[in-house]
Every structure is written in C-alpha cells, then in structure tokens.
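For reference, the structure discussed in these notes is given below.
Here, residue 1 is the first one in the sequence, and each next residue gets the next number. Only a predicted model underlies this, so the values are computations on that prediction, with no experimental measurement involved. Atoms considered below: every heavy atom in the structure, side chains included; atoms not considered: hydrogens, waters and symmetry mates.
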Amino acid sequence: MNLDGGAETRHVKRVLAAIAHDAAVSNPKSGSKRNSVPRTIEASWRRCVLSHGIEPHKVRQPVILSHVEVTPLRDRFDVLKSIFAPELDRLHERLAKLDYVVLLANADGITVDVRCSDEIDKEARDSGLYPGVIWKEDFQGTNGVGTCLATGQPISVVMDDHFAIHNTPLTCTVAPIYSPDQELIAALDVSTPRPTDHQTQQLVMQIVANAARRIENQLFMAQFQSDHAIVALSQDSRFSDLASATLLAMSSSGRVAAWSPAAKTLLDPVIERSTMEYRLRDQVNRFIRTRAEGEEPIVLEDVTSGRFFARCLSDGEPAQRQKPAPPVRAKTRAERSAKSGPESKRSSEVIVGADPVMERNFALAARIVDAGLPILVTGETGSGKEVFAKHLHRISARAKGPFVAVNCAAIPETLIEGELFGYRPGAFTGAAKSGYRGKVADANGGVLFLDEIGDMPLELQTRLLRVLSEMELTPLGGAPIALDLLVISSTHQDLEALVAEGRFREDLFYRIAGANLVIPPLRARRDRRLFITEMFEGLCETTDRDLTLAPEVLHLFETYPWPGNVRELQQTLRYAIAVSEGEAVELTALPARLVATLESRAASSHKTETERLVIEQTLRRCHGKVSAAAELLGISRSTLHRRMKRLGVRR
C-alpha cells in the first residue's frame, strides 16, 4: 500500500496485524501472540475487511443526508420524543463540561438527534457529529454507532480503535436501545474529540447504558401500562433509578404478558423468568394494594441471581377491574364561569392569570395597539407570542380585518420574497399563470404578523424595510399597492445582538420595534398555578370532561421547568385529559417525559458524584499530575484546579 504519513502507516499495520492474529488463533502452530486490541474491536476490523470489503486508509468521509432526506427519519422519532429527549438532555447536562456530544442514531445508523455545546460545535461538525450522518459499520468501518448496531451490544470505540483513519481522533461510547418487542431500534452515543482511554470510558459506559435502560423501560411502560399492571424487579430495595429495574407487564389473571429488554441480561432467559412468573402470579392484588398504601416492596429470596424486590409502578387492567372508573360528567359553562369569578384574567384563549409582567403587557397593549406603532413581541419559543399577537388584533380597530401570519423561519430563502411580496402573471420563468398576491398584500387593512423575524435573510430585510418605510408594495412585474396595516413582529432571538453581529439590519430593527412587549417564559410567571388550572379547566370544558388535577400532578406542573413553555403545557394537558379514566388526572396519565423528570431530579444529585469520579480516576491514572490529567480530560489546568476545589477532590 502506498501511504503518506507514519501515523497512518502504523494504524493500517495495527489493523492488519490484529486481523492476522484472528486468523492465527485457529492455527496454534502459527505462534501468534495476543496483541492489545479488544476482542470486540478485532472482530469488527475483521468484518470490515473480509465482509464489508473496505480498507482503513480508503474509507470515505461519512455520507451526509440532506435536510429533505433526514427530516422524515427525525419525524418518526418525534412520536417518541417525550421519552428520548429527557435522557438526551440529562446525558448532555452530565457530560457537556467534559466536551462530549450526545447523539441518537436510528437502526440504520443515521444520526437523528444531537445535543452539542456551542464551545465544540465546529469540532463536532468537522467530525461528522450532527444530524443526517450515516455511521453504519459497512460505510465507516468500526465506529461506536455502527459497531453497536452490528453487534447489538454496548461498546466503547476509543480513538485508534476506529477502523477509518479519519475517525481516530474520536472516542465513542454507545449503548443499544431495544423496543418492548426486543427489536433493536436505536443507538445512544456520547462522543468526544478529546484524548481519553478505555478505563475512563468504562465510567462513561455505565452512564450511557443506564440512560439507554431508562429509555427502554419508558418505552415498555408506554406500550403496556394502559391495560396491564407494570411490576418492577430490582436488587435495589429503594428503586431509586429506573435503570436498575427489570419491568414486566402482568394481566389481571397474574400471567406475565411481556418482559422489558433488560430481562435478557438480568435474568436467566428460561429458568428464572418462569420462576418469577410463578412466584408473582398470585400477587397481583397485593401489588395494587401495596402501591396504593405505600407499603414496602415484596421480597423474592430464592432466585439464583440473588435477592430481588418487586413493586407495582402502574395499576393498568387489574386496577380497572377492581375499581371501575366512575362516569364522566362535564361541568357546565355556568359552573365554570361561577368558579372563575369576575376577577378572572382570561384575556385570550391561553394568556390568563395575574402575572405582573403580563398585566403590564395587557395594559400597554391597550394603549399602543391603535397608535400607529409597529410592535415587536419577544419571548422564548412556545411562550405564546403568536397568541398575544392575535390578542392585539382582537382589541385593535383592525379586528374586522385579516390577521396574516408569516413564519420567517419556515419559508425557504428561495421562496420567501414571492411569499411576502407576490408577483404578477408572467413575471418570471415558472411563475404561476395567475400570479400571486403575497402575504403583505393579503394583510392589507388588518395585521401582518412576522413570526421569527430574526431568521429572515439579510437581502429580504432590505426589501421589507423599504416596504415598511414607504407603506407601499410593488409586486414583481406589477404596479405599486398602497398599504394600510399594523405590523407585529416576533422573535425568540436577541435582535440587538444580531444587529451588533451584522446579521440583522439596524434600521429595520428600529422600524419594527416601535414598542417592545416581552412575554415571560412559563417557568417565570408568578401566576403559574392559576395559569395551569385555568388552561386545564378550559380544555376540560372543550373536551366535555369533568376532571381534577391530583395534588402531586399539580405540584409537578408547578415545579417542572416547561422548556416548551405554554405550547408544551397545552399539549401535555390535552394528552392527560384524553387518557385519564377516573375523576382525577394522576401521574400515570402524564406523558413519559414528565414522569421521567421525577427520576431526573433524583438522578441530578448523582451528577456531581459522576464528575468527581471521572476526575479522581483520571488523576490516579496520571499519578496525581494535574497537567497530565487536564490534558487527558481535554480542559485547561486552571479549569481542572477549579473543578477539583469545587468538588473537594485531592491529589
């Protein structure tokens, strides 16, 4: 082979030597000696050469799917986003400080979701750690995602364990995710471009494997809890982490309908599972009772794998049969009106309550909406900016005119000019025969709502500025049109910062920000409890349900940070109302992602301990030398000193 570079040559020779060793194992006379490459890596290298027909110095850079190609793949996982997202977020929170990127790949090895800090975003992209990249083993050789999917087993591929030379700067630790039907559906990966070793990755592997186990158990509960009792088996009597539990779905007759994927590693596939089923068959009613009364879990002593504890997590079908759900009766509008009282602040369909910031917004809105000022509404994604814009439209003198919303972030750059400003028939090749009026003209006499204006391309900003300055629109190939409209813009971005960076026109900023109203995130609203209960009652009325929120559910709602803000709350309440069968919405009726936050809070206390363990382990490997440990961790010496002081770590 003609290779340039000593490092490349050494890597290729190492791969070929390992493959030769594998071949020699079957021939004792060869005298081959064991090398330092892990057996799983050797086996993968061998597959790459003999089965996939690739060579380490000839592997092409990763194939990257286009946005159009990857979007349907990501959409399929969006159905399960409430289960996957909390674990991806939790992993990134734990490991981001050590420069790890968190990835979720589908069963075809295609990255469908990523968590990456801004500090290493460029390095991650240069290494192929972003959505749409294909990491199948037969494409990229030995790598974390591809080899995990090929073997169905957790794996760490540390630096030059990779088959392809261009992947050797990376370290990837990956765990498979199985569906309740035991189908391999995804791979959970944490990768870093920083130097590390196998010993450190053993610690990381435990974190990743636990996250994958929690996802599997949440998927299992989501599939079976509606019509089965879900029983957890664990060797931890406190059941402090769902990752340590094996779940089983039990019918009302006491038969085990299904085992969670963890059973295949925790219990003997034949003997112990049959024993467990026999031991638990007569315990269904006791499980339901102990769950309701908060008693200690059932202890199972005579199991060959050790002592197990059993606890019911969800009543399912057995609970329904013991206590039929009461009939559902919707509250009348009169009842709800009486309960709300005259002091209720239901100013729009979702903006309610008595938060001081929102009170000021409503008061200011009433004074400025007809003052001829353009209005800028800012706030986090999902906080209700468009709803507030519609409220402005309703209370304005233009209420009988149109309300036309334009999502500046969703329209492709090549189409946005035509969408906004329109064109006349035959204005350009391919133009519609009837022409196109455009959103701005459609809004004439009413309100034009420019949603996420911070994402508008610069060249379109110039055209929009001219239109707003002159209040006159000239469609492509057409005559000028005089405009009479109120312009309301919204964004979740800091427009002033974008102006400073040259990404947003300063003159346009001042043109659209005649008045600036800030919508607070849901977690910051002082009237959060009232807001939640008002929205809940409104949705119950709409769906003709008469329900209450259980105290523990309301407490969770009040303390949950609601990263998706009002939009997330609304969807969560709709789901809970739809699946609730009793008189109250219980924790079991909530989407899995919210229930997972209860675990997350318990697990957050482990975050500091995990970081301490990684640092202590690294210092031991470096014989207490801080400089060497900092280099291995990929951080500066001063940063490591600060973390050691904060965590109480001594050399």
Arg574: side chain to side chain donor-acceptor pair (under 3.5 Å) partners, not counting sequence neighbours
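Residues passing side chain to side chain donor-acceptor pair (under 3.5 Å) with Arg574: none at all.
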
Once side chain to side chain donor-acceptor pair (under 3.5 Å) is applied, do any residues pair with His92, and if so which ones, sequence neighbours excluded?
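Expected list: none.
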
Under the side-chain contact (heavy atoms from CB on, under 4.5 Å) criterion, do Phe163 and Val49 qualify, and how do the steps go?
CA-CA 10 Å; Phe163 185 79; Val49 173; 3.8 Å; yes

Distance (rounded to the nearest 0.5 Å) between [X] [atom1] and [Y] [atom2]:
X      : Y      : atom1 : atom2 : answer
Cys116 : Arg125 : SG    : CZ    : 8.5 Å
Gln493 : Asp455 : CD    : CG    : 5.0 Å
Ile185 : Glu216 : CD1   : CD    : 8.0 Å

Backbone N/O of [Y] and side chain of [X]: donor-acceptor pair under 3.5 Å:
X      : Y      : result
Asn143 : Val145 : yes
His492 : Ser383 : no
Asn407 : Glu452 : no
Trp135 : Thr147 : no
Asn106 : Gly109 : yes
Ser127 : Leu129 : no
Tyr560 : Leu569 : no

Run Ile615 and Leu640 through side-chain contact (heavy atoms from CB on, under 4.5 Å) and show every step you take.
CA-CA 8 Å; Ile615 290 175; Leu640 181 54; 3.9 Å; yes

Are any of the side-chain heavy atoms of [X] and [Y] separated by less than 4.5 Å?
X      : Y      : answer
Lys97  : Ser117 : no
Arg642 : Thr639 : yes
Val12  : Ile165 : yes
Val101 : Ile120 : yes
Val158 : Thr196 : yes
Pro176 : Cys148 : yes
Leu104 : Ile177 : yes
Asn217 : Met221 : no

Qualifying salt bridge (Lys or Arg N to Asp or Glu O under 4.0 Å) pairs with a residue from residues 184-198, counting only residues at least two apart or across chains
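The answer is Asp99-Arg194, Glu123-Arg194, Asp197-Arg621.
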
Worked verdict on Asp89 versus Glu93 for side-chain contact (heavy atoms from CB on, under 4.5 Å)
CA-CA 6 Å; Asp89 293 339; Glu93 182 184 359; over 6 Å; no

How close do [X] and [Y] get, heavy atom to heavy atom, and via which atoms?
X      : Y      : result
Asp160 : Arg14  : O-NH1, 3.1 Å
Ile155 : Ile41  : CD1-CD1, 4.1 Å
Leu98  : Thr192 : O-OG1, 4.0 Å
Tyr575 : Leu590 : CE2-C, 3.7 Å
Phe220 : Ser260 : CE1-N, 3.5 Å
Ala150 : Arg47  : CB-NH2, 4.1 Å

For Arg90, is there an ion pair with Glu87 - N to carboxylate O distance below 4.0 angstrom?
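Answer for the salt bridge query: yes.
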
Lys/Arg N to Asp/Glu carboxylate O, Lys136 vs Asp108, below 4.0 Å:
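No, no charged N to carboxylate O under 4.0 Å.
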
side-chain contact (heavy atoms from CB on, under 4.5 Å) between Ser191 and Leu103: does it pass, once the steps are laid out?
CA-CA 8 Å; Ser191 295; Leu103 305 97; 4.0 Å; yes

Just by distance, with hydrogens left out, do Gln140 and His52 show a side-chain donor and acceptor under 3.5 Å apart?
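No.
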
Between Glu137 and Ser44, is there a side-chain donor-acceptor contact under 3.5 Å, judged purely by atom types and distance?
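Glu137 and Ser44 do have a side-chain donor-acceptor pair below 3.5 Å.
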
